[in-house]
Protein chains: 2
Amino acid sequence: MPEGRIMNRIRYLRFINGEMTQEQLAEKAGCTRQTIIALEQRKYHPSLLLAFRIARALGQGIEDVFQYEEQGG
Amino acid sequence: MPEGRIMNRIRYLRFINGEMTQEQLAEKAGCTRQTIIALEQRKYHPSLLLAFRIARALGQGIEDVFQYEEQGG
DNA sequence: CACCCTAGTAAAAGTCTCTTGACATAGCGT
DNA sequence: ACGCTATGTCAAGAGACTTTTACTAGGGTG
């Protein structure tokens with residue numbers, strides 16, 4: 001698959017939402033703490049399903065949490 | 001990962017956008033025709049990256065193309 | 001110091017996503 | 001009938017995502 005960066009504001013939104021810990025977010029989103037750590041450090045992109053769950057857990061829409069930047073424009 | 005359905009309107013939006021064929025959408029989104037077929041038939045969910053690329057190829061936001069339905073309410 | 005909480009690192013294993021290639025079906029025009 | 005286009009099926013394999021487990025380290029509290 002071609003390039004295109006995805007940025008995320010998970011860490012930022014975690015603190016806006018009452019200082020949630022990684023573990024609290026993980027539990028609310030239904031994944032493990034490891035996954036949250038990896039995403040905050042941009043080790044990889046989440047699946048669409050997990051992206052939705054994290055966005056909802058943070059009280060946001062997907063595109064408020066994850067921003068796609070096209071490369072060619 | 002827990003449940004939660006993701007519906008998509010790829011096929012519908014393909015026709016709204018000037019009767020795009022699966023192959024045209026695939027090329028514009030940077031994936032293969034097989035992948036478009038699988039997604040339209042909901043064989044699996046796309047990655048977040050591909051979801052963004054498909055949404056952009058269809059001139060839409062992610063949540064206009066993919067709808068997440070929580071199970072517990 | 002001893003204890004707990006939060007965050008980070010690492011590796012193995014399993015599941016899911018995506019591609020490639022070959023083949024099948026249906027419609028449409030000639 | 002023949003060729004062309006659009007859609008669909010199947011299978012194998014590579015690569016990406018996620019979990020599990022174990023371990024390290026800093027900060028605060030008693």
Side-chain angles (χ1 to χ4, degrees), chain A residues 1-60 62-63 65-72, chain B residues 1-60 62-63 65-72:
Chain A
M1 277 219 320
E3 312 297 310
R5 258 202 184 61
I6 294 181
M7 307 303 281
N8 80 71
R9 304 196 302 152
I10 295 177
R11 190 165 195 124
Y12 171 70
L13 292 166
R14 210 156 47 78
F15 287 101
I16 287 194
N17 275 265
E19 310 262 343
M20 285 178 96
T21 65
Q22 292 174 332
E23 183 141 34
Q24 289 170 332
L25 174 56
E27 187 180 359
K28 202 166 178 189
C31 67
T32 62
R33 188 171 62 90
Q34 289 312 314
T35 300
I36 300 298
I37 290 173
L39 295 179
E40 288 192 354
Q41 296 175 180
R42 301 192 176 84
K43 294 269 178 118
Y44 48 74
H45 301 315
S47 66
L48 180 59
L49 183 55
L50 182 56
F52 265 118
R53 298 183 66 83
I54 289 175
R56 295 300 183 265
L58 291 168
Q60 305 284 329
I62 279 214
E63 306 214 23
V65 181
F66 302 94
Q67 283 93 36
Y68 175 60
E69 305 175 358
E70 322 205 28
Q71 57 176 4
Chain B
M1 278 223 318
E3 313 298 309
R5 260 203 182 59
I6 293 181
M7 308 303 281
N8 79 71
R9 306 196 299 153
I10 295 178
R11 190 166 196 122
Y12 171 70
L13 292 167
R14 211 156 45 80
F15 287 101
I16 288 193
N17 274 265
E19 310 262 343
M20 285 178 97
T21 66
Q22 292 174 333
E23 184 142 33
Q24 288 170 332
L25 174 57
E27 187 180 359
K28 202 166 178 189
C31 68
T32 63
R33 188 172 62 91
Q34 288 312 314
T35 300
I36 299 298
I37 291 172
L39 295 178
E40 286 192 354
Q41 294 175 182
R42 301 192 176 83
K43 295 268 177 113
Y44 49 75
H45 300 316
S47 65
L48 180 59
L49 183 55
L50 182 56
F52 265 118
R53 298 183 65 83
I54 289 175
R56 294 300 183 265
L58 291 168
Q60 306 283 329
I62 278 211
E63 305 214 23
V65 181
F66 302 94
Q67 284 93 35
Y68 175 59
E69 305 173 358
E70 322 204 28
Q71 58 175 3

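Sequence lines set the chain letters: A, B, ... in the order given, protein chains first and strands last, and positions in each chain run from 1.
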Most 5' of Q41(B) and Q24(B) on DNA chain D, judged by nearest nucleotide: Q24(B)

dA6(D) base / R33(B) side chain donor-acceptor hit below 3.5 Å: no

Pair E19(B)-R11(B), salt bridge (Lys or Arg N to Asp or Glu O under 4.0 Å): steps then yes or no: CA-CA 10 Å; E19(B) 310 262 343; R11(B) 190 166 196 122; over 6 Å; no

Integer-rounded Å distance: dT6(C) C1' and F15(A) CZ: 10 Å

Pair R14(A) + E40(A): basic N to acidic O under 4.0 Å: yes

Atom-to-atom span, OH of Y44(A) to P of dT17(C) - whole angstrom: 14 Å

E27(A) CD to dT18(D) C1', straight-line distance once rounded to whole Å: 17 Å

Euclidean distance, atom CD of residue E23(B) to atom P of dG21(C) [Å, nearest integer]: 14 Å

dT5(D) phosphate, OP1 or OP2, under 4.0 Å from Q22(B) side-chain N/O: no

Distance test, side-chain N/O of R53(A) to OP1/OP2 of dT18(D), below 4.0 Å: no

Neighbour count above 12 (heavy atom, 6.0 Å) for Q24(B) CD: yes

OP1 or OP2 of dT20(C) under 4.0 Å from side-chain N/O of T32(B): no

Rounded distance (Å) that lies between atom C1' of dT18(D) and atom NZ of K43(A): 14 Å

N or O in side chain of R14(B) less than 4.0 angstrom from dA6(D) OP1/OP2: no

Any N/O donor-acceptor pair, Q34(A) side-chain to dA10(C) base, under 3.5 Å: yes

Out of dC17(D), dT6(C), dC18(C), whichever nucleotide has its closest atom nearest the side chain of H45(A): dC17(D)

Spacing of L49(B) atom CG relative to dT17(C) atom C1', expressed in whole Å: 12 Å

Rounded distance (Å) that lies between atom C1' of dC23(C) and atom CD1 of I37(B): 13 Å

Within 6.0 Å of CD in E23(A), more than 12 heavy atoms from elsewhere: no

Other residues, nucleotides, ligands: >12 heavy atoms within 6.0 Å of R5(A) CZ: no

Sugar-phosphate, base or nothing in reach of T35(A), heavy atoms under 4.0 Å: base

Nearest-Å distance for atom pair CD/P, residues E40(A) and dG8(C): 7 Å

